[in-house]
Participant: 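Pasting in a structure now, in structure tokens, and then I'll have a few things to ask.
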Protein chains: 2
Amino acid sequence: MARIKILEYLTGTTDHPTVEMIYSRLLPEIPTLSKTTVYKTLELLVEANLARLLHMDENEARFDANVSDHGHFRCSRCGKVYDFEADLDSLETKGLEGFAVAEKNLIFKGSCPRCRTDRSGRIRG
Amino acid sequence: MARIKILEYLTGTTDHPTVEMIYSRLLPEIPTLSKTTVYKTLELLVEANLARLLHMDENEARFDANVSDHGHFRCSRCGKVYDFEADLDSLETKGLEGFAVAEKNLIFKGSCPRCRTDRSGRIRG
DNA sequence: TATATAATTGTAATGGTTACATCTTGGTAA
DNA sequence: TTACCAAGATGTAACCATTACAATTATATA
């Protein structure tokens, strides 16, 4: 039950939520939900390749149900994480001869359009 | 003193060491060294753009004195982190119109040449 | 219904990191 | 030299995301 709700929520958002976000979001719906369940479920989803685990430069992990290869942009001011497309297949690399690449991660940082024009936001690093 | 030794060690290695690695490596040389100093110094180095903070899919941060844009490959079996060259400037992206990109991070995962031919290694995720 | 297995929960421990107060070092001026 | 100040370094304790573990609840199958 919790398992299905978590997957549903994850596939229905592009927010790249943290465990805390998922937990507090689903708590009203599932009052018995525990954080341990959220952790455990996400671990299973990642193993089953139904979700991707993202380590941005934060102390909290994020999760993404979009399993296809794409880039992530994290706004240093508002902290929001955006998806973007990147042609990683045709990226030229040197020094990976003999390596077996299983997963590619592309992370950009900077300021998102909203924060670039908004001077009022607090800088969150 | 500690500050200089830490920077020297970092610039002289391609191991992408963790705080623990730096600490235990320099302890014989600086018996009074504390981990707090290592943390603090690395924070300063990153702010001064003399080092880069790397968040691989681990629970420990890694540090790299190579500040230029390049990719990082982490072997899922032995845990070692390798550098590789990648032409990030000519990478085609879509969906970043209006974004100000300040930093680019490219992280690959898989098996390194040594681990691919070595069946004895323990899998470390 | 009974029973086995999977799913969920709660508590406590783990471990990297940070806050904070203290102590030491190095340089500068009188 | 001595006094003094600021930067550098240290140690302890707190913080917090995550994990381990044991116990409880739900689900399915015979």
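Values below: every heavy atom of this structure, side chains too, minus hydrogens, waters and symmetry copies. Sequence lines set the chain letters: A, B, ... in the order given, protein chains first and strands last, and positions in each chain run from 1. No experiment lies behind these values; they were computed from the predicted model shown.
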Participant: The side chain of B/R3 is closest to which nucleotide in this list: C/dA7, D/dG8, C/dT17?
Facilitator: D/dG8
Participant: Among the nucleotides C/dG10, C/dA7, D/dA9, which one has an atom lying closest to any side-chain atom of B/A2?
Facilitator: D/dA9
Participant: Using whole Å, report how far CE of A/M56 lies from C1' of D/dA17.
Facilitator: 17 Å
Participant: Quick one: on DNA chain C, does B/M1 or B/A61 contact a more 5' nucleotide (nearest heavy atom)?
Facilitator: B/A61
Participant: Distance check needed: C/dT8 P versus A/K40 NZ, whole Å only.
Facilitator: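 So the NZ-P distance, A/K40 to C/dT8, works out to 11 Å.
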Participant: What is the distance from CG of A/N59 to P of D/dT18, rounded to the nearest Å?
Facilitator: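 In whole Å, D/dT18 P and A/N59 CG are 8 Å from each other.
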Participant: Whole angstroms only, please: what is the CD-P distance between B/E20 and C/dT14?
Facilitator: 17 Å
Participant: Rounded to whole angstrom units, what separation is found between the CD atom of B/E60 and the P atom of C/dT14?
Facilitator: 17 Å
Participant: Consider the side chain of B/T36, meaning its heavy atoms from C-beta on, and name the nucleotide among C/dG16, D/dG11, D/dA20 that approaches it most closely.
Facilitator: D/dG11
Participant: Which part of the nucleic acid, if any, lies within contact of B/T18, taking any heavy atom under 4.0 Å across all strands shown: a base, the sugar-phosphate backbone alone, or nothing?
Facilitator: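 It contacts nothing in the nucleic acid.
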Participant: Expressed in angstrom and rounded to an integer, what is the separation of B/K5 atom NZ from D/dT10 atom P?
Facilitator: 13 Å
Participant: What orientation do A/H70 and A/H16 show, parallel under 30°, tilted 30 to 60°, or perpendicular over 60°?
Facilitator: tilted
Participant: Starting at CE of B/M21 and ending at P of C/dG16, how long is that distance when rounded to a whole Å?
Facilitator: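 Checked: the CE to P distance equals 13 Å.
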Participant: Given B/F99 and A/Y82, is the ring pair (Phe, Tyr, Trp, His ring centres under 6.0 Å) satisfied, shown in steps?
Facilitator: CA-CA 10 Å; B/F99 286 73; A/Y82 299 83; 5.0 Å; yes
Participant: If we ignore angles and hydrogens, is there a donor and acceptor under 3.5 Å between the side chains of A/E103 and A/N105?
Facilitator: yes
Participant: Nearest to the side chain of A/T37, heavy atoms from C-beta on, is which of C/dT8, C/dA19, D/dA9?
Facilitator: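 Comparing C/dT8, C/dA19, D/dA9 against the side chain of A/T37, the answer is C/dT8.
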Participant: Looking only at the side chain of A/I30 (C-beta and beyond, no hydrogens), which of the listed nucleotides D/dT10, D/dG8, C/dT9 gets closest?
Facilitator: C/dT9
Participant: If the threshold is 4.0 Å, N to carboxylate O, is there a salt bridge linking B/E58 and B/R62?
Facilitator: yes
Participant: Under a 4.5 Å cut-off applied to non-hydrogen side-chain atoms, are B/I107 and B/F73 in contact?
Facilitator: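 Of all side-chain heavy-atom pairs linking B/F73 with B/I107, none is under 4.5 Å.
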Participant: Separation of B/Y39 atom OH from D/dA14 atom C1', in whole Å?
Facilitator: 14 Å
